[in-house]
Each structure stands twice: as C-alpha cells, then as structure tokens.
Amino acid sequence: MPEGHTVHRLARALAGLFDGEALAVSSPQGRFAGGAALLDGQRMVAAEAWGKQLFCAFAPVDRRGDGTPDDVRWLRVHLGLYGAWSFAGDGSAEVVHAIGAPRRRIGERESTPDGGGDAGAGADADAAGEWAPPAPRGAVRLRLLGAHAVADLTGPTACEVLTGAEKAAVEARLGPDPIRDGGGRGSPDAARSAFVDRVRRSRVTVGQQLMDQAVIAGVGNIYRAEALFRAGVDPLRPGRDVPEAVLAQVWDDLVVLMRDGAERGAIVTTRPEHRVADGGGGRVTRQNTDGDVDAVPRDASFYVYHRDGLPCRVCGAPVLTKELAGRNLFWCGVCQA
DNA sequence: GCTGCATGATGAG
DNA sequence: TCATCCTGCAGCA
C-alpha cells in the first residue's frame with residue numbers, strides 16, 4: 001500500500017537493476033501474457049514515477065540511441081492496495097547491493113537495503129556457481145528477468161502496455177507530483193498554483209481533495225493526515241474556504257515531506273521535538289519501510305495517522321477519526337480547528 | 001487455521 | 001455509496 005514516495009523508490013530500483021538491459025518478460029500467472037509478449041526480449045531504457053503510477057520504457061534491442069521515439073512501449077503499473085514487487089539477484093551486482101538483500105520486497109512490505117547483515121541470503125547459485133532466478137512465488141502477474149536479477153510483480157491494480165501518447169494521456173489526468181522536478185508541471189511555482197487553484201475551485205473538503213490524484217499525485221492516507229495536521233487545517237473544511245497561503249504551505253510542506261520519504265524509504269512527519277516514542281497505544285502501525293526502519297521508531301513517526309484516541313503530540317487532546325469517502329481520516333480537533 | 005483490515009482506484013447505480 | 005479487484009498480515013481461536 002504505497003504512497004508516491006515508495007513508487008519513486010521503485011522506479012529508481014528498477015532503473016538501477018535493469019536500465020539498458022534486454023529482459024525476459026513473462027507472466028507466470030498468465031493474466032498479463034499478452035502484454036508480456038509485447039515487451040519480451042526488449043531493452044528497458046527508463047523507469048520513472050508520477051504519483052503512484054510507475055512507468056518503464058522498453059525499446060527494441062536493435063534500435064540505436066535514446067529518447068522516446070514511436071517504437072518505445074511503456075509498461076504502466078499501479079500497485080493499488082495489494083500490489084508488491086519482490087526482487088532477487090545474484091548478489092554480485094552493485095544494483096543488488098543498492099536495493100538490498102535479494103528476495104526482500106520493496107514497494108509494500110518491509111525490507112532493508114543493507115540486508116541486515118544477511119548478505120547472500122537470497123543469492124540463489126546452483127552447483128556450478130551460476131545464478132538462477134528463484135521460481136515465482138504466488139500469483140506473479142509480471143516477471144522481469146535480467147542477467148543478474150529478477151523482479152516479480154504480484155497483485156497490481158493496473159499492469160498494461162501503453163504507447164507514448166497513451167502514457168501522456170494518463171499523465172495529463174494526474175495532478176502535480178510534489179516529488180517530481182517542478183511537480184512535473186514545468187516549474188515549482190506552476191505546480192504549486194495548479195494545486196492551490198484546483199483545491200480552491202471546489203467546495204469538496206480539503207481532506208477528500210488531497211486524496212484525489214487529479215488534484216495532487218502521490219498523496220495517500222498518511223501524507224494527507226499528516227500534512228493537514230502540520231498545517232493546522234481541518235480536513236473537513238471545504239477547499240474553497242482554505243486560504244491560498246495555507247494551501248501553498250501545504251504544497252511546500254509535502255514537497256519536503258515526500259522527497260524525504262523517497263530518500264529515507266519511510267514516512268516520517270514528526271518534528272524532532274515531537275518525535276516521542278509512546279508505544280502507539282499498543283497498536284502496531286505499519287508502513288512501507290524499505291529504508292532504515294529503526295532510524296525513527298514507528299510509534300514516533302506520525303502526528304495523527306492511526307493514532308485515534310491517543311493524546312495529540314502537541315496539545316494532548318484525543319486524536320479524532322472518521323470515515324470519509326470510504327477512507328479513515330485522522331485529525332486533532334483542537335490543533336486543526 | 002480462520003477473519004477482517006489496509007498507505008488505492010474504478011465502474012455501476 | 002457500494003461492490004469489486006486481489007494480497008499479506010495482525011489478531012484471534
């Protein structure tokens with residue numbers, strides 16, 4: 001259940017593993033057999049993210065040069081609620097070092113880049129010392145297999161092959177992405193005002209609009225709850241009633257928070273002075289952590305997400321929760337009045 | 001061994 | 001607003 005920062009990390013990991021390499025592309029589960037056949041044997045020439053969408057470019061092996069001409073096909077993957085990538089490799093390539101111990105998932109489940117000292121745990125070498133990819137486990141929709149590594153995709157909500165024009169159409173429907181340079185909208189200012197203007201055009205609550213990928217791309221339930229807390233904004237307030245300057249601040253804050261998440265591999269929104277581990281009321285609040293999980297304890301990472309009933313870290317009032325458009329909302333009724 | 005929930009999105013009604 | 005997609009895990013027996 002990744003938010004945008006995780007998908008950006010995935011794009012980086014895939015580029016590091018496979019960029020420029022001809023891949024064997026298959027669908028062990030069978031549901032993506034047609035799409036896999038289109039890409040099989042081609043070179044992966046790029047991997048990028050826009051919000052929660054992952055795009056990988058494939059080009060024929062015999063084609064020279066870079067860029068994105070007509071024969072480039074784009075793999076589009078959206079993980080949705082259940083999707084996950086798992087990786088395995090021969091342990092020798094630097095890319096494996098960079099993404100962590102083989103057979104650890106990133107994208108949805110915990111994994112650690114440095115493998116927790118378990119080097120080679122998943123380095124499947126046969127008797128001849130030759131690396132062999134592990135058999136797919138579970139319903140693997142898509143397998144990308146290179147010379148030194150393999151990536152398996154399970155449970156995505158979307159997995160399809162697009163032309164450049166189709167990819168552009170998908171991106172056109174997405175709002176600016178705080179992690180992309182200039183929000184993907186040319187300049188930081190353009191991206192910020194696109195977000196601010198869009199929110200203020202509607203009386204839909206600002207809480208709902210932050211989850212709308214056409215308003216801002218990559219924000220999920222955690223970043224929504226945390227960004228609104230940090231800005232002191234009531235999530236139930238209609239978008240048009242939130243001052244321009246406050247929304248601009250929310251955008252700027254998300255740029256910092258989400259880029260930090262993409263670097264760190266985990267969402268941390270608490271300021272150091274509020275970063276007090278308190279046991280989280282006994283609840284186990286998990287999140288995508290493929291970075292150093294212990295750098296900030298999970299029960300010190302959030303202000304309000306999954307903390308309903310616990311005292312607000314700032315004012316002590318109990319954190320509130322409510323279902324809004326089918327998703328759980330968390331906020332402090334005092335700090336966000 | 002079950003059961004219900006989860007950081008998401010879509011399409012029908 | 002609801003059902004559905006489809007998977008892993010915590011919590012419970």
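Letters A, B, ... are given to chains in the order of the sequence lines, protein chains preceding strands, and every chain is numbered from 1. Because only heavy atoms are used, hydrogens play no part in the values below, and waters and symmetry mates are left out as well, while side chains stay in.
In this structure, the CD atom of A/Glu160 is 13 Å from the C1' atom of B/dA9, given to the nearest Å. For A/Gln29 and C/dC5, the CD to P distance is 13 Å, given to the nearest whole Å. Look at CD on A/Gln53: it is 8 Å from P on B/dT10, rounded to the nearest Å. Between the OH atom of A/Tyr82 and the P atom of C/dA10 there is a distance of 17 Å, rounded to whole Å. The CZ-P distance, from A/Arg141 to C/dG8, rounds to 12 Å in whole Å. Rounded to an integer number of Å, the gap from A/Arg327 CZ to B/dT10 P is 13 Å. Distance NE2 (A/His306) to C1' (C/dG11): 14 Å, rounded to an integer number of Å. Residue A/Leu324 contributes atom CG, which lies 13 Å from atom P of B/dG8 at whole-angstrom precision.
Phosphate proximity of B/dA9 to A/Gln213: present, with a side-chain N or O under 4.0 Å from OP1 or OP2. Phosphate proximity of B/dT7 to A/Arg224: absent, as no side-chain N or O sits under 4.0 Å from OP1 or OP2. Distances shorter than 4.0 Å separate some side-chain N or O of A/Tyr305 from OP1 or OP2 on B/dT7. A close approach under 4.0 Å does not occur between any side-chain nitrogen or oxygen of A/Asn221 and OP1 or OP2 of B/dA6.
Across all strands, A/Ala325 comes closer than 4.0 Å to no nucleic acid atom at all (heavy-atom distances).
C/dC5 and B/dG13 have their P atoms separated by 15 Å, given to the nearest Å. Nucleotides C/dG8 and B/dT10, compared at atom C1', are 22 Å apart to the nearest Å.
The listed nucleotides are C/dT7, B/dA9, B/dT7; the one nearest the side chain of A/His78 is B/dA9. In this structure, of B/dT7, B/dA6, B/dA9, it is B/dA9 that holds the atom nearest to the side chain of A/Lys52.
Each side-chain hydrogen bond (donor to acceptor under 3.5 Å, both in side chains) pair with one or both residues in residues 214-227 of chain A, not counting sequence neighbours, appears once here: A/Asn221-A/Arg224, A/Glu226-A/Thr269.
Checking A/Phe302, A/Tyr303, A/Tyr305, A/Phe229 one by one against A/Phe330, the ring-ring contact (aromatic ring centres under 6.0 Å, His included) holds for a single residue, A/Tyr305.
Across all non-hydrogen atoms, the minimal contact from A/Leu324 to A/Gly207 is CD2-C, 4.4 Å.
For A/Trp50, there are no ring pair (Phe, Tyr, Trp, His ring centres under 6.0 Å) partners two or more places apart in sequence or in a different chain. Applying the salt bridge (Lys or Arg N to Asp or Glu O under 4.0 Å) criterion to A/Glu171, with sequence neighbours excluded, gives A/Lys167. Residues satisfying the salt bridge (Lys or Arg N to Asp or Glu O under 4.0 Å) criterion with A/Arg307, sequence neighbours excluded, are A/Asp278. Applying the ring pair (Phe, Tyr, Trp, His ring centres under 6.0 Å) rule to A/His78 yields no partners; only residues at least two apart in sequence or on another chain are considered.
Helical stems involving DNA chain B, defined as 3 or more consecutive Watson-Crick or G-U pairs under 3.5 Å, span B:1-6 with C:7-12, B:8-12 with C:1-5.
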